[in-house]
Amino acid sequence: MVLLVTMTLAAIWTVMGRSLLKATIGLAVTSAVLSIIIFRLGSPLAAVFELSVCTGLITVVFVSTISLTKPLTHKDITEMSRKRHKRFIYLPVILALTAFLIIRSGAPKGLIMSMGESVHNVAEVLWDMRQLDMFGQVILIIAGALGVVVLFAEGKNGAK
Amino acid sequence: MAPSNPSELLYIFGSFTILLLVAGFYCLVVTRSFLRAVIAIELLIKAVTLFFIAVGYITGKPALTQALVITVIVVEVVVVVIAGGIAISVFRKNDSLDITLLNKMKG
């Protein structure tokens with residue numbers, strides 16, 4: 001419960017944080033706490049992926065993107081944060097209202113879940129049961145790499 | 001995790017998933033920064049990941065949900081990398097990451 005609350009607070013900090021860099025750090029904290037939750041729920045492989053990829057790699061990608069774009073002046077930041085404050089001020093209210101509605105509705109009763117046959121080996125699931133997913137992942141990674149190459153090539157031509 | 005009743009566990013994890021989804025959707029709707037929109041999408045994916053893992057724990061099928069979560073993480077990374085590339089090219093064209101300026105683009 002403490003971890004879930006911490007993760008939600010980190011997510012709110014991510015959304016409401018003034019600078020993009022702080023938002024990125026907030027996202028990394030959210031990911032790190034989520035990976036602890038995933039580990040505690042008995043999914044260590046997914047936790048390792050979440051921690052290394054989402055907390056590490058994605059943060060690096062975000063920071064690189066932020067550093068490749070022009071930083072704002074102090075005046076711009078003050079002006080933007082004033083406007084942002086106006087737009088984001090309703091978020092805590094909306095979240096509190098949602099939490100109130102959830103608490104009021106209470107836990108669903110008589111929930112029946114189909115337990116079925118359970119497989120405990122992730123490799124077995126990935127390579128035997130979800131082969132199409134693996135194929136899709138490979139295509140996605142190639143598409144991602146090619147997409148980045150095309151985007152940066154266009155940028156070079158534009159600069160010329 | 002203290003409660004052992006599946007309904008109660010699903011209720012707790014479902015509640016926090018909804019809160020994360022609300023925060024993500026709100027950020028996505030309200031923000032004007034391209035990168036912040038990507039961060040909002042990331043939060044939405046985190047909410048889905050949390051729910052997947054919770055359901056795997058409750059139903060006793062953690063291997064299946066782990067496989068799905070790994071797929072989700074791969075998709076997430078590709079989305080972020082491509083979005084980062086698009087953000088940089090948008091910035092080179094418009095000198096800003098304001099998504100309202102994207103309306104002026106051709107296509």
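Chain naming here is simple, since letters A, B, ... match the order of the sequence lines and numbering starts at 1 in each.
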Can you tell me which portion of [X] sits under 4.5 Å from chain A's heavy atoms? Options are side chain, backbone, both or neither.
| X | result |
| --- | --- |
| B/V69 | side chain |
| B/L20 | side chain |
| B/V75 | both |
| B/L68 | side chain |
| B/I39 | both |
| B/V81 | both |

Residue A/S31 versus chain B: region with a heavy atom under 4.5 Å: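 Contact with chain B is through both the backbone and side chain of A/S31.
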A/I12 portion near chain B, given a 4.5 angstrom heavy-atom threshold: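 For A/I12, neither part sits under 4.5 Å from chain B.
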Which atom of [X] lies closest to which atom of [Y], heavy atoms considered:
| X | Y | value |
| --- | --- | --- |
| B/I73 | A/A46 | CD1-O, 4.1 Å |
| A/L95 | B/A23 | CD2-N, 4.1 Å |
| A/V15 | B/C27 | CG1-CB, 3.7 Å |
| B/I82 | A/G147 | CD1-CA, 3.7 Å |
| A/S43 | B/Q66 | CB-CG, 3.3 Å |
| B/A87 | A/T65 | CB-CG2, 4.0 Å |

According to a 4.5 Å side-chain heavy-atom criterion applied to Ile, Leu, Val, Met, Phe, Trp and Tyr, with indirect links allowed, do [X] and [Y] form part of one hydrophobic cluster?
| X | Y | result |
| --- | --- | --- |
| A/L51 | A/F62 | no |
| B/V38 | A/L21 | yes |
| A/L97 | B/V30 | no |
| B/V29 | B/I45 | no |
| B/F52 | A/L132 | no |

Euclidean distance, [Y] [atom2] relative to [X] [atom1], rounded to 0.5 Å:
| X | Y | atom1 | atom2 | value |
| --- | --- | --- | --- | --- |
| B/F25 | A/L91 | CZ | CG | 13.5 Å |
| A/F49 | B/T71 | CZ | OG1 | 9.5 Å |
| A/I37 | B/K46 | CD1 | NZ | 11.5 Å |
| B/L19 | A/L9 | CG | CG | 10.0 Å |
| B/L43 | A/M7 | CG | CE | 9.5 Å |
| B/F13 | A/L41 | CZ | CG | 4.5 Å |

Which of A/I102, A/I103, A/T24 touches chain B most, by non-hydrogen pairs under 4.5 Å: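 The candidate making the most pairs under 4.5 Å is A/I102.
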Top contributor to chain B contacts, counting heavy-atom pairs under 4.5 Å, from A/T30, A/I58, A/V53, A/V5: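 Of the options given, most contacts go to A/I58.
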Measuring only between side-chain heavy atoms, which start at C-beta, is [X] closer than 4.5 Å to [Y]?
| X | Y | answer |
| --- | --- | --- |
| A/L4 | B/L50 | yes |
| A/L68 | B/F91 | no |
| B/T49 | A/I38 | yes |
| A/L57 | B/V77 | yes |

Polar side-chain atom of B/Y26 near backbone of A/P92 as donor-acceptor pair, under 3.5 Å: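 No: the side chain of B/Y26 does not pair with the backbone of A/P92.
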Top of B/A47, B/S15, B/A83, B/G56 for chain A proximity - count of heavy-atom pairs under 4.5 angstrom: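 Answer, by heavy-atom pair count under 4.5 Å with chain A: B/S15.
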Sequence-distant partners of A/T55, side-chain hydrogen bond (donor to acceptor under 3.5 Å, both in side chains), two or more places apart: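 Applying side-chain hydrogen bond (donor to acceptor under 3.5 Å, both in side chains) to A/T55 gives none.
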